[in-house]
Amino acid sequence: MRDFSYFRASSLDAARQAAALPGTMLLAGGTTLIDLAKCGVAEPDTLVDITHLKGLDRIDVNERGATIGALAKMGHIADHADIKSRFPAISEALWQAASAQIRNMATIGGNLMQRTRCPYFRGPANFSACNKREPGSGCSAIGGVTRGHAVLGTSEACIAMYPGDLATALVAFDATVHLGERKLLVDDFFLLPGSTPDREHAIEPGEMITSIEIPSSAAAHRSTYLKIRDRQSYEFAAASAAVGIEFEADGRTIRDLRVALGGVATKPWRARAVEEALKGKVLEPETVRAASRLAVEGAVDHGANHYKIELAPRVVARAILKLGETA
Amino acid sequence: MTSLPITLTINGHRHELEVDPRVTLLDLLRERLDLTGTKKGCDRGQCGACTVLVDGKRINSCLALAVSHDGANVLTIEGVARGEELHPVQAAFIAHDGFQCGFCTPGQIMSTLGLISEGQAGDDPERIREGLSGNICRCAAYGGIVEAVLEAQEQLAKSDRRTAA
Ligand SMILES: Cc1cc2nc3c(=O)[nH]c(=O)nc-3n(C[C@H](O)[C@H](O)[C@H](O)COP(=O)(O)OP(=O)(O)OC[C@H]3O[C@@H](n4cnc5c(N)ncnc54)[C@H](O)[C@@H]3O)c2cc1C
Ligand code: SF4
Ligand code: FES
Ligand code: FES
């Protein structure tokens, strides 16, 4: 790890001011940052430790929705009674993420900001070309081993998959990221790689995530997160789906539907085409399976990740049908 | 690099230390304090060999900067037994062959202590496996580990009942 200096922030303003300086990075749980510093990817001059700030770990749930402070731990949110009952997909996404140890360390601010697991990005010692790490240097993944790479939202510059589970659930339910006063929909917070894959979030130097807000909805209340992986636990998604549903009074006709995909795209991926195709329809397995194929419209594979194009619609369909069964 | 002063309570003993900000809790334990029971496997959060309890919660000490944990209360495998008397979790790992080479075992035991105090697993082997999935065992002693956790939970519940009575 390269040498850095350490500054423990005693107030939000002090943290933001310090973080505005070039070469400075915020330190929360450290589970992404220290990992990447060891890989030689993150090379901060200064770390601003925000973990000692008070009051930023609150979880408030009322009829309007949930507000979760940036320093709330993944494990704490996953296990929160009101989150479990009113936002099951959020709790389930967190339970299925990482390990108990990491969930005890990691904060949701850091969780949203986690970086791709692209092995070329993580391996600067062996792979010099990576547009995300070193703009203009090329992409080692294209033409390389791509089993874990994205099939949606890719560009010629970068095909790295966004690996987070929580943000996938957040984007399904129109959550917003609070950067102090400024608020952004999670969908707008994450950027497509395009020609600037090094820029992943609409966050400016000197800004900090202060909280996440998830509005209440009937669909969020009846929701689930289904994650398929290469091994049963402690693994990133091969494909995942956050789904929420609201039925008409008949209990079969779909009034509202939310669908987002994880593990297959360059950012948390809202599948609006599936939602629109099924709204107003009666929940039938054949209809659901056909509509779920729209989730991967426009997908492009790079060889070994082709399976994701087959897998993702099945995961979506299974999640929707599972929610239907509990009607 | 300038060293920074921190205070840690480790296995009940208070330590005032000067640390380089880059030093992880794991390296501090092993290399400065000679507490080598906590193991370094991957050094990247992927194996659980370095699991310790910080303020009662299990964490991976390889991804924790010591300086950020100033003031914390740390429990490592060295602080688990009471003198010569093994903790019920330790005894159960021995009774059920919950290990082969033993490298992952301190981490497995610390993680089990965390799991039990979280109260999530109950007596369901499937949930124990899920709750301990952050601890990889390359010898695949998983069968014995799950049996050990089941038995330890039972022993602890019994002694709880005895203390309550
Ligand atoms: C082995 C392993 C397995 C994992 N598996 C999964 C998984 O299955 N699913 C999943 O979703 N995640 C997984 N993760 C990722 C994990 O969830 C993230 O590492 C974690 O959530 C990051 O949070 P942190 O608090 O530790 O962030 P840090 O490492 O402290 O910070 C991460 C980044 O966010 C920035 N940052 C932190 N807080 C803020 C803030 N408030 N405002 C602005 N910027 C901020 C930091 O500067 C840094 O760049 C895994 C990680 C590991 C190591
Ligand atoms: S896919 Fe993106 S992150 Fe991976 S090597 Fe290519 S440019 Fe880098
Ligand atoms: S050494 Fe810390 S998780 Fe492997
Ligand atoms: S006993 Fe050998 S790694 Fe677990």
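Below, all heavy atoms of this structure are taken into account, side chains as well, without hydrogens, waters or symmetry copies. Chain A is the first sequence line, chain B the second, and so forth, proteins listed ahead of strands; every chain is numbered from 1.
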Whatever's closer than 4.5 Å to a heavy atom in chain A on B/Q46 counts as both
Next item on the list: Could you tell me whether the side chain of B/L63 reaches within less than 4.5 Å of the side chain of A/Q101, counting heavy atoms only?
Entry: no
Taken to the nearest 0.5 Å, the spacing of B/C47 SG from A/Y234 OH works out to 6.5 Å
(request) Can you establish whether the number of heavy atoms outside B/R82 located under 6.0 Å from its atom CZ is more than 12? (result) no
Scored by heavy-atom pairs under 4.5 Å with chain A, the best of B/T51, B/L132, B/V54, B/L115 is B/T51
Please examine the side chains of B/E126 and A/Q232, heavy atoms only from C-beta on, and report whether any two atoms are closer than 4.5 Å. yes
*asked:* So for atom CD, which belongs to B/E85, do other residues, nucleotides or ligands contribute more than 12 heavy atoms lying within a distance under 6.0 Å?
replied: no
Cut-off 4.5 Å, heavy atoms of chain B, and the answer for A/R231 is side chain
Can you tell me if A/H52 uses its side chain to pair, donor with acceptor, with the backbone of B/S68 under 3.5 Å?
yes
(message) Is it true that, when you exclude B/R138 itself, more than 12 heavy atoms of the residues, nucleotides or ligands shown sit nearer than 6.0 Å to its CZ?
(response) no
For A/R58, does the CZ atom have more than 12 heavy-atom neighbours from other residues, nucleotides or ligands under 6.0 Å away? no
* Asked: Do other residues, nucleotides or ligands put more than 12 heavy atoms under 6.0 Å from the CG atom of A/D45?
  -> yes
CG of B/L4 to CZ of A/F7, rounded to nearest 0.5 Å, is 12.5 Å
The interface call for B/C42 against chain A, heavy-atom contacts under 4.5 Å, is neither
Do A/R8 and B/D70 make a side-chain contact, defined as non-hydrogen atoms from C-beta onward lying under 4.5 Å apart?
yes
Does the B/R22 side chain pair with the main chain of A/M1, one donor and one acceptor, at a distance under 3.5 Å?
yes
- Item | Side chain A/K38, main chain B/R44, donor-acceptor under 3.5 Å | no
Bottom line for A/L33: the part with an atom under 4.5 Å from chain B's heavy atoms is neither
Residues B/G131 and A/A100: closest non-hydrogen pair is O-CB, 4.1 Å
Scanning both residues in full, the closest heavy-atom pair of B/N60 with A/S99 reads ND2-OG, 4.5 Å
Interface check, chain B: of A/L47, A/T31, A/T32, most non-hydrogen pairs under 4.5 Å belong to A/T31
If one checks every heavy atom of A/D49 against chain B at 4.5 Å, the contacting part turns out to be side chain
Between the OG1 atom in B/T2 and the OH atom in A/Y6, the distance rounded to the nearest 0.5 Å is 12.5 Å
So, the part of B/I136 with a heavy atom under 4.5 Å from chain A: the answer is side chain
When you measure from the side chain of A/N104 to the backbone N and O of B/R58, does any donor-acceptor pair fall under 3.5 Å? yes
Cut-off 4.5 Å, heavy atoms of chain A, and the answer for B/I59 is both
